[in-house]
Structure formats: C-alpha cells, structure tokens
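Note on naming: letters A, B, ... go to the chains in the order of the sequence lines (proteins, then strands), and numbering restarts at 1 for each one. What you see below is based on every heavy atom in this structure, not just the backbone, and it leaves out hydrogens, waters and symmetry mates. If you're wondering where the values come from, they're calculated on a predicted model, not measured in any experiment.
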There are 2 protein chains.
Amino acid sequence: MAGDASLLRRVNTQVTLNALRREGVATLTRLGRITGLSRQTVETVLDELAERGWVREIPPDEGVMGRPARRFGFRADAGYVLGVDIGANKILAALADLNGEVVSWHRVPVSDGAPAPERLEAARQAALACVDVAGVARTRVWAVCAGTSGVVDRSGRVSLSTVLPGWTGVDLAGLAGGWFGCKGLAANDANLAALTEHWRGSAQHAADVVYVLVGHRVGAGMLIGGRLHGGRTGAAGEIGALRQVGWEDAAAELDTHGEAAAVFKAAGDGDPAAARAVERFAEKLAIGAAALVLAVDPDLLVVGGGYSRAGDVLLTPFRRHLTDLCLGVPEVVTSTFGDESVALGGVRLALDHVEREILGL
Amino acid sequence: MAGDASLLRRVNTQVTLNALRREGVATLTRLGRITGLSRQTVETVLDELAERGWVREIPPDEGVMGRPARRFGFRADAGYVLGVDIGANKILAALADLNGEVVSWHRVPVSDGAPAPERLEAARQAALACVDVAGVARTRVWAVCAGTSGVVDRSGRVSLSTVLPGWTGVDLAGLAGGWFGCKGLAANDANLAALTEHWRGSAQHAADVVYVLVGHRVGAGMLIGGRLHGGRTGAAGEIGALRQVGWEDAAAELDTHGEAAAVFKAAGDGDPAAARAVERFAEKLAIGAAALVLAVDPDLLVVGGGYSRAGDVLLTPFRRHLTDLCLGVPEVVTSTFGDESVALGGVRLALDHVEREILGL
DNA sequence: CCACTTATGTGACTCCGTTTCATAACTGTG
DNA sequence: CACAGTTATGAAACGGAGTCACATAAGTGG
C-alpha cells in the first residue's frame, strides 16, 4: 500500500516507457521534456530497460546540428500477442507486436456444423500457422485471446452458446493459453468488436459504448468507462434473450426473404416487399438496442457485423425507430472495421493483459 | 505525470490518512505496522497533518504496559457534508461528518403539487435548519448533494422530470451549492439509493448493482464497478421509458385497487383480487428489471422504495417472473434502508467528492 | 525500588531525483 | 581547415524521503 523510494522508480519507469511507446524512437533529452523528468533520470531508467530487453539503443541520427543524441526505441518485437476470432464459418487469427501492429493474419474456413473438437483444432492450427508464417518463435507469444459468439464467463469458459455445436462448456481461455503455454483469455465477440472500435475505430472518443453486432445472429457488447463490461457471468448485453425484444427471430425472419445482402440491396433499389422486411428487421433491432440504450445511456451506439454493410438501407429505419423508443438517442454510427474486428479486439484485450501484468503497474 | 520525491510523500500521506480514518484512533507504531511505513515517517506525516487540521493528537492511553504511545485521531469534524432528498412529499436532509457519521437529520413535509420555487425554498430551509440545529457553522459544510426523481445530467441539472411540477430544467447542483457557498452536486434518487446500499447496506460486496426503486413511481439506478453509472445524460436505468416495459402505468394500475400498502396486505392475507393485482404489478416490474439485468448482468439486484416494504408478497412473484425472463438471475435482495437511503446516498456522493478533491489523490 | 515493557529520539545511511557547470561531438561557414 | 555555433553528455554537489539501529524515556507490576 505505502511506498518507499523504489515506488518512485517504478512509477517513473512506467511513465518513461509509455512515453517511448508513444514516440516510437526518441532521444534522452526529448523523453525528459515529455515526461518532466531530468535527463539523468531518464538515462538511468532507459539503461535499466535496455538491460531488461524492453528497449533498444538506436544509432544516433545523422546530419543534425550539435552533438549526436543517444536514441532509444521501444522493442515492440520483444513479445507478441495473438487474437483469434472463432466464428461459425471462419477462424481468423491476428498476430500483433507490443505496439499492437498486426504482423500476420491467418484465415481458415470452417464448417457451420463442425463439432467443437474440430473447430478447436482448426483454431489451434490457424493460431500456430499465423505465428509460424510470421517467423515468430512460438515462445514469444505472451498472451492469446479468443473471441467467439455466446456467453463467455470471467474465467474464459463458454457458458452458453446457441449457435456453435457442442460449444457450451468449452474452456476457451484455458485451451488458447495451452497452444503457446502462455496466458489465455476469451471473450464474447461483440465485446471484442466494441473494444476494437474504441481502440482504433469510430468509438475512440467515447467512454460508454454499446456495440450491436448485426448478422445472421444479433448480439451486443459494451464498454463502460472505456473498459469492457462483461458483467457477472459475461452475459452483459444479451438483451436478445428477452422475448419482448425478439432478436432471436429477427434475423431468422429476414432470412426467409432470401440471402440477407440481396434483401438489403433489393430494399435499397425500391423493392417494396424487401423494404418491408428490412423495416421489420430494423424495428426489432431497435427495440433491443433501445433497451440497452435506456439501460446504460451510452455516449455512442455502434452498429457492426455483416449486415451493417447494408449501410443506410438498414440504418435509416433503425435510427427512426430508435428515436421513437428512447428519450435521448446517442450518436449512432457504423463500425469502421469489417470482420477483422473480433480478432483485433482479441489482440487489444491480450495487449491489455500484457501491459497490466508484464509491463507492470 | 512523472513524479519526484514529493509524490512519495503525497502517496504516503494519503495512505496514512486512510489508515487512520479506518482505525479512528491509533498510535504511531500501530499506523506504521498497518501502512508498512516506518514509525519515523508516520510521525512526520502525522505532524504535518495535525498542522493542517486533518488530524488531532489525543492524550495517551493509560494503564497499559510500557511507555505511553502518542495517539492520533482523524478529525472527522473538520468538515461536513450534506445529503438532501427532495422528494414528492418530503424533504429529508442529513448532515454527516467526514467519517460519514450522520450528526443531524431534518425532515419537512412538502406538498405533491408544490411548484419548483416553493419546493426549492423548502429544501433550502431544511438544509440550513439541519446544519443549524446540529450547531455546525454553515461555512464548515464542504459539499452538498441533492437527490431527486427524474433525470439529472452530469452538471447536476434536472433535464427531465415527469412527477415534480416545474422541475425540468432546475439547476439543482448549482442551487444546492449556493446554499452554503460550497460544491454542489445532484443525482437521481435511485442512483443515490444504490450508492447507499453499496456503502452500508445489502450491496456492500457487489461491484455491479442494479437498484430498482419501487413506489408510486418506479425507477432504477445502477453501480458499475462500485461506482455510480449515470450515463451520458444521467438517464441510465430509465428503462421505464420503453413502452414494451410499461413501468409507467404499472404503479398507476396498482393504485386503482386502493392504497398500495393495503393491497399488498390483502394479497398477503389471501384476497384473490389483490393477489392478482400484485401478480400483474410484479410481472411488469420484472420485465423492466429483466431488461436491466440482461443489459448489464449485475452481481446483485436490490429492490427498494416504499413498496419494497411489502416484502415477499411482492418479491416472490417478482423473482419468479424474473427467473422466467432472464438467462441467469442474480441475487435479489430488498434494500436495508428505508426512505433515508436517498439522503444517505447524497452524503456518500458528497463525501466522495470531498475525498477526491479536498483530501487529494 | 527494580525489572520489564513499550515507545520515543537521534544519527548514519541509502535511494532517487535535480541542478549546475564543464566538456564532448557534431554542423556549417568563411 | 579552423572556428563559431549548437546540442548532448558526464560528473559532482545537493536535497528530500524513507529506513535501520541503537540509545533513552516513561510507564506498569511485583
């Protein structure tokens, strides 16, 4: 609780490292100015960090006035994190360095009805391949985070899945960690997508975000205070379970009109039957979204998932119904990421873990 | 961002002060053991705090072995905070010291239909009287927090009130601060009640709490991560606004059966008509509660407000319907506080402000 | 009154960070 | 190519904060 002098050093190390991560490469003097520390302090801190492998000294810049300054760079390649989206039809893995820059993608198809062991094996293969083709040693993966549809509890177990066969009860976090002998995490896909939008997408400046994942299945995730909010059992956002909301059959009903993309297209082209179907879908979507909006009153509502590509054809009626149902409607935007958002969210969550647990704080 | 030696002192001062607040009165040696600091450090810190008025030296304990130890006590009476519940029929003010111990209550009735200026004047009078009868100088009130029904935005303005006449648009926080020339805060009543339950009631060990305030009017508040979550506009929890939920008319419908307390009593005594009315009320309540539970998946659901005194007569059907509607139902308990919960929540919120802004951190 | 117990007081010491000033290592210009 | 100008490094002195060890003070209990 209390601190002695070493606390000061820990704090300043953290501050310096963060500054360097933002800068990429920086001289001692510059880091001193940024952090408010003296050059000497920054120097000893960086020498320590270099010894521990977090930071690397880089040859001085040439052709500038004055004595060449010692330069340091954050070793983003000291470790890696992996995000894996385990979906109904595909598995997508993303390997990123400690700056969160993705260095390798790997996608494999998987069948809708694949039993859990087959899906898990495919995920494992994809994860390993993603790392191997990047030429990264498997031991340098420090954390893995899997994302999937369904309810994922705090420990990373799938406690309920209605779409993937045999998926309920799978200990995703444990298994994913086992692939690389590192920390394993798991979370709901909509939650991870929300995290991605907050990290690099359209929700960057919002603290409280509701993300509605609209596709063949409809789900929702949320961020409260900039942090993922899963709730007691990981089921936060599962408003679709409420009969009065009817998310369960909204997509199913739309499907009766044909391929979803085609229905949206037809509606956009003025086909009245398709327009009515989209209208009904938008209304059902809006009821659930309204319940979430009224419950948490977010700064922003992000609509993502495959069907969000329909754009205004879906969004316009959706906004209209939402305005009808809510007191004050937050800004509604579409996701800026496609189907990489879940894997990227996994990268972000794994990175959060690494920053907290390994970089210390 | 970065810190020099004085940061260390600030941290350790904070730690020591917190320890002393928990202990009430403690010797230097004991504080040293608790905080992990050396006796010397604790001593200089406490001498500083004594000089600044936060802490007072207390005559040594007698009749114990060894050399008498210097003892210090937190000066809980250095400042005070005030919580004011501005309700439809009453105004209740609570004055508390810096330990949160209430030293004075003051209650005044107010008419249902009183216009805003009259209600505000009554609140002001109650607040001042509450302080005056306690013999506390008005200048020693460091923060005031008002609680009221309706939507209260971040700045403490009532942005929407459907029950109190002329209430929409009132700058409660500003006015309340003006009464004592100190910081003024304002929040929704259900939110404050939730805070009280988390502070001293049945929600002490829950991080995410939904509080449903059940009375003539039904409202909800919530805590996320132990902190009040108001949302963008302060409307978080206002699920009653959704037609599909029907909280608006739930209470109104119950009222057609007579005085609510009497209806609950009759239902408990086996009157079938009353039982049906309660059943319908419980169901409507449960639909909204289920929406909140599914949205945020809290650790705990607290049922409070006047009608919660009905106990199991209401709670049993409520729980049944909730179980029907939700995936996994959280623990459901009744509030441990009566109608003081809102004023107490005001005390807590004001205290939070004082701790953050004045005690520093 | 003396042994025992417990807390205080003091001085030396360590860490960490800052300031200051001299010095080093470049660029570019006459 | 020497020299002014610029920018960074290196070293030493210093001060704040915390710790440790040990001597000393002020009680209690027989």
Side-chain angles (χ1 to χ4, degrees), chain A residues 1-20 23 25-52 55-73 360-361, chain B residues 1-20 23 25-52 55-73 360-361:
Chain A
M1 202 169 178
D4 65 347
S6 75
L7 170 66
L8 217 46
R9 177 49 67 89
R10 281 203 307 280
V11 167
N12 288 337
T13 302
Q14 192 66 45
V15 167
T16 306
L17 193 57
N18 282 340
L20 186 56
E23 294 290 307
V25 170
T27 67
L28 294 178
T29 320
R30 170 143 183 76
L31 282 175
R33 262 204 307 279
I34 294 173
T35 59
L37 292 165
S38 71
R39 183 179 43 79
Q40 273 78 348
T41 303
V42 172
E43 185 167 15
T44 53
V45 162
L46 280 178
D47 284 340
E48 268 179 35
L49 284 171
E51 206 159 312
R52 284 197 263 156
V55 139
R56 160 179 27 229
E57 187 159 1
I58 286 174
D61 210 2
E62 284 176 18
V64 293
M65 278 287 222
R67 175 172 177 168
R70 291 180 72 185
R71 293 195 307 164
F72 288 85
L361 174 60
Chain B
M1 202 167 178
D4 65 347
S6 75
L7 170 66
L8 213 48
R9 176 51 67 88
R10 282 204 305 281
V11 168
N12 287 336
T13 301
Q14 192 65 44
V15 167
T16 306
L17 193 57
N18 282 341
L20 186 56
E23 294 290 306
V25 170
T27 68
L28 294 178
T29 321
R30 171 145 180 73
L31 282 174
R33 263 205 306 278
I34 294 173
T35 58
L37 293 164
S38 72
R39 182 177 44 78
Q40 278 83 339
T41 302
V42 171
E43 185 167 14
T44 53
V45 163
L46 280 178
D47 284 341
E48 269 179 34
L49 284 171
E51 207 161 310
R52 282 197 265 158
V55 137
R56 162 180 24 231
E57 186 158 3
I58 287 173
D61 211 3
E62 284 176 19
V64 292
M65 278 286 223
R67 174 172 177 170
R70 291 179 73 186
R71 292 195 307 165
F72 287 85
L361 173 61

Please give, in whole Å, the distance from [N] [atom2] to [X] [atom1]?
{"X": "Glu43(B)", "N": "dT19(D)", "atom1": "CD", "atom2": "C1'", "answer": "14 Å"}
{"X": "Arg10(B)", "N": "dG16(D)", "atom1": "CZ", "atom2": "P", "answer": "16 Å"}
{"X": "Leu7(B)", "N": "dT18(C)", "atom1": "CG", "atom2": "P", "answer": "12 Å"}
{"X": "Leu31(A)", "N": "dA8(D)", "atom1": "CG", "atom2": "C1'", "answer": "14 Å"}
{"X": "Asn12(A)", "N": "dC15(C)", "atom1": "CG", "atom2": "P", "answer": "17 Å"}
{"X": "Asp4(B)", "N": "dG18(D)", "atom1": "CG", "atom2": "C1'", "answer": "15 Å"}
{"X": "Asp61(A)", "N": "dT27(C)", "atom1": "CG", "atom2": "P", "answer": "11 Å"}
{"X": "Arg9(A)", "N": "dA17(D)", "atom1": "CZ", "atom2": "P", "answer": "18 Å"}

Report yes or no: do Thr41(A) and Ser38(A) form a side-chain donor-acceptor pair below 3.5 Å?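 Checked: Thr41(A)/Ser38(A) side chains pair up, N/O donor to acceptor below 3.5 Å.
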Where the side chain of [X] is defined as all heavy atoms beyond and including C-beta, which of [options] is the nearest nucleotide?
{"X": "Arg67(A)", "options": "dC16(C), dA8(D), dT18(C)", "value": "dA8(D)"}
{"X": "Met65(B)", "options": "dT24(D), dG29(D), dG10(D)", "value": "dG29(D)"}
{"X": "Ala5(B)", "options": "dA8(D), dG18(D), dA17(D)", "value": "dA17(D)"}
{"X": "Thr41(B)", "options": "dC16(C), dA8(D), dG18(D)", "value": "dG18(D)"}
{"X": "Arg70(B)", "options": "dG9(C), dG29(D), dT23(C)", "value": "dG9(C)"}
{"X": "Ser38(B)", "options": "dT8(C), dG18(D), dT18(C)", "value": "dG18(D)"}
{"X": "Leu8(B)", "options": "dG16(D), dG18(D), dG17(C)", "value": "dG18(D)"}

For this session: Identify whether the distance between the nearest side-chain nitrogen and carboxylate oxygen of Arg10(B) and Asp4(B) falls below 4.0 Å.
Result: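 Salt bridge absent between Arg10(B) and Asp4(B).
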Base, sugar-phosphate, or nothing: which does Glu62(B) touch, judged by heavy atoms less than 4.0 Å apart?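 Nothing: the residue Glu62(B), judged by heavy atoms under 4.0 Å, touches no strand.
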Over all strands shown, is Gly32(B) touching base, sugar-phosphate only, or nothing at heavy-atom distances under 4.0 angstrom?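 The answer is nothing, as Gly32(B) stays clear of every strand by at least 4.0 Å.
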Kindly indicate whether the side chain of Gln40(B) and the base of dT8(C) share any N or O donor-acceptor pair separated by less than 3.5 Å?
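Checked by distance alone, the answer is no.
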Using only heavy-atom distances, decide whether a donor-acceptor pair under 3.5 angstrom links the side-chain of Arg39(A) to the base of dG10(D).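 Such a pair exists between side chain and base.
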Which pair of non-hydrogen atoms, one from [X] and one from [Y], has the smallest distance, and what is that distance?
{"X": "Ile34(B)", "Y": "Ala19(B)", "result": "CG2-CB, 4.1 Å"}
{"X": "Leu20(B)", "Y": "Ala26(B)", "result": "CD1-N, 3.9 Å"}
{"X": "Val45(A)", "Y": "Thr13(A)", "result": "CG1-CA, 3.8 Å"}

Does Gly63(A) or Ser6(A) map to a spot on DNA chain C nearer the 5' end, using the closest nucleotide for each?
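Nearest-nucleotide comparison on DNA chain C picks Ser6(A).
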Handout entry: Test item: Thr27(B) and Arg70(B) side chains (from C-beta on) under 4.5 Å apart, heavy atoms
Key =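 No, too far: nothing below the 4.5 Å cut-off.
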message = Are Thr35(B) and Asn12(B) packed together at the side-chain level, in the sense that at least one heavy-atom pair is separated by less than 4.5 angstrom?
response =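 In short, these two side chains do not touch, never coming nearer than 4.5 Å.
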Practice task
Please indicate whether Arg30(A) has more than 12 foreign heavy atoms, meaning atoms of other residues, nucleotides or ligands, lying under 6.0 Å from its CZ.
Solution key: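 No, not enclosed.
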### Message
When the axes are fitted on five pairs at both termini, how much does the helix from dC1(C)-dG30(D) to dG30(C)-dC1(D) curve, in 10° steps?
### Response
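Inter-axis angle at the termini of the helix from dC1(C)-dG30(D) to dG30(C)-dC1(D): 10°.
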*Using only side-chain N and O atoms of Thr29(B), determine if any of them is under 4.0 Å from OP1 or OP2 of dT8(C).*
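Yes.
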